[in-house]
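Read through the structure below, which is laid out as structure tokens, and then see the notes.
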Amino acid sequence: MGTASIPGRGTGMTSVDIGPHYLGVMLGLAIGDALGAPVEFESLSEILAHRGDPGVADFEPHRGLPPGSYTDDTQMSIATARGTLDAHVAGAFGSTAEAAPRVWAAYQDWRETQDDPHQRRAPGSTCLSALRSGVMGTPDIPLNNGKGCGTIMRIAPCALLYPDDPFDWALACGAMTHSHPTGYFSGAAFALILHEVLNGKSLESAIEGARDRLQAQGFEADETRAVLETVLDQHRQDMPLHERIINTGAKGEGWVAEETLGIALSCALVHPTDFSAAVLAAVNITGDSDSTGSVTGALMGALLGVDAIPREWREQVENAALLTQLANDLYRAN
Ligand SMILES: [Mg+2]
């Protein structure tokens with residue numbers, strides 16, 4: 001495994017236990033998802049018209065489910081965590097290629113739950129059809145031309161435990177369902193950034209590191225790399241956050257993976273010490289609010305640790321005990 005620097009965060013006398021940051025990632029992604037879920041299909045003007053300014057500020061019921069209920073983003077992140085742990089326990093961590101079928105099997109288990117109306121929470125059509133094909137996608141075995149955010153929204157656990165390298169592990173897990181390089185490179189870049197932040201790097205230098213890693217992948221990673229360049233440029237110019245969001249990628253709505261990545265990074269860069277402010281900024285947009293909320297929640301949890309997340313949200317979010325158990329298992333498996 002390539003996680004020698006864990007659990008010591010930073011170096012020497014100032015080393016910090018990152019267990020609370022693992023928990024921050026797993027609870028943060030579910031909380032961001034649950035905050036965004038009620039407005040996934042509302043524009044910003046609809047969000048504001050229905051609630052007044054500043055829009056979503058707390059959990060709300062959705063789809064007949066209680067406040068704090070999450071969607072497919074968290075369901076699939078749980079599947080990523082379970083598949084990764086399965087591979088680890090089974091001794092299949094010799095390489096990414098050896099471990100990958102365990103995650104694919106966990107995604108198939110998730111797909112079977114989607115026949116239950118109570119569990120079906122706006123799953124992505126690319127994920128469902130790719131899994132129904134019965135073939136595990138890889139960069140060399142493309143299934144479609146999808147670059148929806150179904151990759152990046154489920155990939156955070158790849159930064160917490162991995163066979164060789166978090167970037168390669170996330171790339172493999174993303175390419176199982178989405179065959180456009182921007183789909184899987186966005187997930188891989190996000191996992192690398194999360195991993196570097198967990199190891200004490202600043203967010204800005206973690207983004208620069210991911211940009212350089214994408215540069216080394218060649219032209220297929222250009223679209224993802226360009227979004228990271230834009231995010232860094234906008235930050236240097238101190239651009240207002242709402243302008244950064246609408247200028248991320250082609251539409252700035254987060255339905256495609258590179259936009260979800262760029263929006264989450266910008267929200268975290270503008271609110272680096274405030275979990276709620278960053279996640280609510282990612283949710284109150286025109287676009288895929290549960291996915292931008294979930295990815296931002298994972299990132300802020302990695303940056304700040306679980307104590308930075310409001311206690312009421314930690315207690316109310318669906319399946320908090322399961323998410324806590326998975327975070328602990330992933331942490332201990334290192
Ligand atoms: Mg969703």
Side-chain angles (χ1 to χ4, degrees), residues 24 27-74 120-122 124 149 152-153 231 234-235 237-256 259-301 303-304 306-320 323:
L27 287 176
L29 70 88
I31 288 166
D33 181 8
L35 286 165
V39 296
E40 178 177 2
F41 301 107
E42 287 184 24
S43 68
L44 178 56
S45 51
E46 287 168 333
I47 292 172
L48 297 176
H50 294 158
R51 294 166 186 79
D53 210 1
V56 175
D58 203 348
F59 290 147
E60 299 173 13
H62 61 96
R63 300 176 177 84
L65 300 164
S69 300
Y70 53 63
T71 78
D72 60 326
D73 302 48
T74 302
R120 194 175 173 94
R121 303 182 186 174
C149 66
I152 186 171
M153 71 174 204
V231 164
Q234 290 172 336
H235 194 57
Q237 293 165 30
D238 205 20
M239 188 184 283
L241 181 54
H242 70 275
E243 282 182 37
R244 301 189 197 190
I245 289 171
I246 59 176
N247 289 305
T248 301
K251 292 179 88 174
E253 297 185 354
W255 297 106
V256 288
E259 292 186 13
T260 309
L261 174 65
I263 291 168
L265 293 173
S266 289
C267 291
L269 282 167
V270 170
H271 298 291
T273 59
D274 190 335
F275 179 93
S276 304
V279 173
L280 292 174
V283 161
N284 285 300
I285 64 166
T286 296
D288 196 356
S289 296
D290 59 327
S291 297
T292 51
S294 184
V295 172
T296 307
L299 179 56
M300 295 307 294
L303 275 166
L304 303 176
V306 69
D307 292 341
I309 304 176
R311 178 178 297 278
E312 316 80 69
W313 289 350
R314 284 188 262 150
E315 290 172 354
Q316 277 180 42
V317 72
E318 182 179 3
N319 273 333
L323 293 159

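Annotation: side chain of P38 is not in contact with side chain of V56 (no heavy-atom distance under 4.5 Å). Within the 4.5 Å cutoff, the side chain of N319 has heavy atoms near those of the Y70 side chain. Proximity of D72 to D290: side-chain heavy atoms (C-beta onward) are separated by under 4.5 Å at one or more points. The shortest distance between side-chain heavy atoms of L44 and L48 falls below 4.5 Å. Counting only heavy atoms from C-beta outward, the side chains of E42 and R51 approach each other to under 4.5 Å. Between E318 and L65, every side-chain heavy-atom pair lies at or beyond the 4.5 Å cut-off. Taking 4.5 Å as the limit, every side-chain heavy atom of S69 sits out of range of all side-chain heavy atoms of R63.
Of all heavy-atom pairs between I31 and F59, the closest is O-CE2, 3.8 Å. Residues L299 and A268 approach most closely at CD2-CB, 3.6 Å, considering heavy atoms. Taking every heavy atom of both residues into account, V231 and L265 meet most closely at CG1-CB, 4.0 Å. The two atoms that bring S291 and D73 nearest to each other are OG-OD2, 2.5 Å, heavy atoms only.
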Decide side-chain contact (heavy atoms from CB on, under 4.5 Å) for E312 and D58; before the verdict, give the C-alpha distance in whole Å, the side-chain angles of both, and the deciding distance to 0.1 Å.
CA-CA 10 Å; E312 316 80 69; D58 203 348; over 6 Å; no
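In this structure, the side chain of H271 does not engage the main chain of S276 through any donor-acceptor pair within 3.5 Å. Here the side chain of S289 pairs a donor or acceptor atom with the backbone of V283 at under 3.5 angstrom. Although no hydrogens or angles enter the test, the distance criterion places a donor-acceptor pair under 3.5 Å between the side chain of E259 and the main chain of G252. Judged purely by atom type and a 3.5 angstrom limit, Q316 has no side-chain atom pairing as donor or acceptor with the backbone of P67. Judged by distance alone, the side chain of D33 and the main-chain N or O of T74 form a donor-acceptor pair under 3.5 Å. Distance alone, capped at 3.5 Å, places no donor-acceptor pair between the T296 side chain and the G293 backbone. In this structure, R244 contributes its side chain and M239 its backbone to a donor-acceptor pair below 3.5 Å. For E243 (side chain) and P240 (main-chain N/O), no donor-acceptor pair under 3.5 Å exists by modelled atom type. Although no hydrogens or angles enter the test, the distance criterion places a donor-acceptor pair under 3.5 Å between the side chain of T260 and the main chain of G254. A donor-acceptor contact shorter than 3.5 Å is absent between the side chain of T292 and the backbone of A264.
Between the CD1 atom of I309 and the CG atom of L27 there is a distance of 5.5 Å, given to the nearest 0.5 Å. Here the straight-line distance linking atom SG of C267 with atom CG of L241 works out to 4.5 Å at 0.5 Å rounding. Taking CD1 from I263 and CD from E253, the interatomic distance works out to 8.0 Å, rounded to the nearest 0.5 Å. For the atom pair CE (M153) and CG (L261), the distance works out to 15.0 Å, reported to the nearest 0.5 Å. Rounding to the nearest 0.5 angstrom, the gap separating the CG atom in L303 from the CZ atom in F275 is 11.0 Å. Here the OG1 atom belonging to T286 is positioned 9.0 Å from the CD1 atom belonging to I246, to the nearest 0.5 angstrom.
Ring geometry for W255 versus F41: interplanar angle under 30°, hence parallel rather than tilted (30 to 60°).
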